[in-house]
Amino acid sequence: MFSASALPRSVLFGLPFVSSEMKPLVDELLREAEHPEAPLLLAAADVHVATRAVCEPDFGACLARFSWICPDGMPLVWLLKRRRAPGNPARLSGPDIMEAFWRAGEGRPRVRHFLLGGSPETLKALQGRLMAAHPAAALAGAYSPPYGSWDDAEQRRIRRLIADSGATCVWVGLGCPKQERWLAEHIDVLPPALYFAVGAAFDFHAGTIRRAPLWMQRHGLEWFYRLCREPRRLFGRYFKHNALFLYYLLAGRA
């Protein structure tokens, strides 16, 4: 499902990661967003996502349907640079892609945003903050779907809301792996648009969760900051997937 991309890529953990800085990525996404002819998917993949793609082959098969897989974590960027990946690899996190793209898309009438995910409270706060920061952006719609699995009627409702809104950019904040699985499994019936699986970006931009300071982000410590703030929820994930990252590196499976 890859688009005709001019961006360099390099394979890590079996995934073709974009090896680029933010501006070339956003420029390419804007071109696609102004004339979407099919659903195109973007994932911001951190160590958790990358190692999960190896240890869960069905999840890796889902990511194979994405048009862009961006390195959302400094360990992945360091690995790309160590392997002399083409281009100039940089961290392309979900929250940063969202911010850069909304800013660059202001005043472009064909770039129309739809927000899918988050609680009603989070989604309301997110809409307010995004439109305050980007008043010339076009917000086509937003929907907070019910928690848990969705029946066929709910699936049709979501697709209809997106199609009727005229959105060309759909921001999906359902959490990993639900958002990636849902997008990959429904790509054949989704309305033409760019779909961004950005997870925690909704909470960061809504202000419901604080993001790590920049110095921690730049030194690959954002995961540690998040762990300290949400140890009960995140300890198991980080312990398992950080260990898998090291194991796959040593075993030559990265």
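The shown structure was predicted, so the numbers you read here are calculated from the model rather than taken from an experiment. Below, each value reflects all heavy atoms present in this structure, side chains not excepted, and no hydrogens, waters or symmetry copies.
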>> Quick one, Val111 with Phe101, criterion side chain to side chain contact (heavy atoms under 4.5 Å, CB included). Give me CA distance, side-chain angles, the key distance, then yes/no.
In response: CA-CA 10 Å; Val111 178; Phe101 189 88; 3.9 Å; yes

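- Taken together through direct or relayed side-chain contacts under 4.5 Å among Ile, Leu, Val, Met, Phe, Trp and Tyr, Phe17 and Leu244 form part of one hydrophobic cluster.
- The CZ atom of Phe202 sits 11.0 Å away from the OG atom of Ser119 when rounded to the nearest 0.5 Å.
- Not a single donor-acceptor pair under 3.5 Å links the side chain of Glu34 to the backbone N or O of Arg110.
- Summarising the geometry, atom CG belonging to Leu234 is positioned 11.5 Å from atom CZ belonging to Arg229; distances are rounded to the nearest 0.5 Å.
- Taking 4.5 Å as the limit, every side-chain heavy atom of Ser10 sits out of range of all side-chain heavy atoms of Arg84.
- Leu7 and Val77 sit in two unconnected hydrophobic clusters of ILVMFWY residues. Membership requires side-chain heavy atoms under 4.5 Å apart, directly or through other members.
- Interatomic distance, CG of Asn88 versus CE of Met22, reported as 12.5 Å (0.5 Å rounding).
- Side-chain heavy atoms closer than 4.5 Å link hydrophobic residues (I, L, V, M, F, W, Y) into clusters, and following such links, even through other members, never connects Tyr238 to Leu246.
- Side chains of Val49 and Asp72 form no contact here, defined as non-hydrogen atoms less than 4.5 Å apart.
- A donor-acceptor contact shorter than 3.5 Å is absent between the side chain of Ser19 and the backbone of Gly87.
- Here the straight-line distance linking atom OG1 of Thr51 with atom CG of Leu12 works out to 12.0 Å at 0.5 Å rounding.
- Residues Ala137 and Met131 share a closest heavy-atom pair of O-CE, 3.3 Å.
- Proximity of Leu29 to Glu32: side-chain heavy atoms (C-beta onward) are nowhere separated by under 4.5 Å.
- For Trp68 against Leu25, the heavy-atom pair with the smallest separation is CD1-CD1, 4.2 Å.
- At a threshold of 4.0 Å, the pair Arg52-Glu180 does not count as salt-bridged, since none of the basic side-chain nitrogens sits closer than that to a carboxylate oxygen.
- At least one donor-acceptor pair closer than 3.5 Å links the side chain of Thr208 to the backbone N or O of Asp203.
- Rounding to the nearest 0.5 Å places CZ of Phe235 at 13.5 Å from NZ of Lys240.
- Trp223 and Leu80 fall into different hydrophobic clusters, where Ile, Leu, Val, Met, Phe, Trp and Tyr side chains are chained together by heavy-atom contacts under 4.5 Å.
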>> Determine whether Ile209 and Arg226 satisfy the following criterion, side chain to side chain contact (heavy atoms under 4.5 Å, CB included), listing intermediate values before the conclusion.
In response: CA-CA 9 Å; Ile209 294 178; Arg226 293 189 66 192; 5.5 Å; no

>> Checking Phe196 against Met98 for the side chain to side chain contact (heavy atoms under 4.5 Å, CB included) test, could you report, in this order, the C-alpha distance in whole Å, the side-chain angles of both residues, the deciding distance, and whether it holds?
In response: CA-CA 9 Å; Phe196 299 78; Met98 194 170 184; over 6 Å; no

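- Side-chain N/O atoms of Arg211 and Ser93 include a donor and acceptor closer than 3.5 Å.
- Between Arg65 and Glu185 there is no salt bridge, since no side-chain nitrogen of the basic residue lies less than 4.0 Å from a carboxylate oxygen of the acidic one.
- A 4.5 Å side-chain heavy-atom check between Glu222 and Asp46 finds every atom pair outside the cut-off.
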>> Run Ile187 and Leu183 through side chain to side chain contact (heavy atoms under 4.5 Å, CB included) and show every step you take.
In response: CA-CA 6 Å; Ile187 189 171; Leu183 287 168; over 6 Å; no

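- Within the 4.5 Å cutoff, side-chain heavy atoms of Cys169 are placed close to those of His113.
- Using a 4.0 Å cut-off between charged nitrogen and carboxylate oxygen, Lys23 and Asp27 count as a salt-bridge pair.
- In terms of heavy atoms, Gln179 sits closest to Leu174 at OE1-N, 3.2 Å.
- Within the 3.5 Å criterion, the main-chain N or O of Gly148 finds a donor-acceptor partner in the side chain of Lys178.
- With hydrogens and angles left out, the side-chain atoms of Arg237 and His241 include no donor and acceptor closer than 3.5 Å.
- Between the side chain of Glu28 and the backbone N or O of Ala6 there is at least one donor-acceptor pair closer than 3.5 Å.
- When all heavy atoms are compared, the tightest approach of Ser144 to Leu123 is N-CD2, 3.5 Å.
- For the pair Phe114 and Leu161, the minimum side-chain heavy-atom distance is below 4.5 Å.
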>> Please determine whether salt bridge (charged side-chain N to carboxylate O under 4.0 Å, His left out) holds for the pair Arg103 and Glu99, giving the CA-CA distance in whole Å, both sets of side-chain angles, and the decisive distance to 0.1 Å.
In response: CA-CA 6 Å; Arg103 183 172 61 250; Glu99 167 63 27; 3.0 Å; yes

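- Annotation: side chain of Asp96 is not in contact with side chain of Leu92 (no heavy-atom distance under 4.5 Å).
- Here Leu15 contributes atom CG and Cys70 contributes atom SG; the two are 11.5 Å apart, rounded to the nearest 0.5 Å.
- Taking the six-membered ring for Trp, Phe13 and Phe245 have ring centres closer than 6.0 Å.
- Under the 4.5 Å side-chain heavy-atom criterion for Ile, Leu, Val, Met, Phe, Trp and Tyr, Trp150 and Val172 are members of the same hydrophobic cluster.
- One N or O on the side chain of His219 and one on the backbone of Trp215 form a donor-acceptor pair closer than 3.5 Å.
- The two residues Ala254 and Leu79 have their closest heavy-atom pair at CB-CD2, 4.4 Å.
- Here the closest non-hydrogen pair linking Ala53 and Phe59 is N-CD2, 3.8 Å.
- Annotation: side chain of Trp102 is in contact with side chain of Leu139 (closest heavy-atom distance under 4.5 Å).
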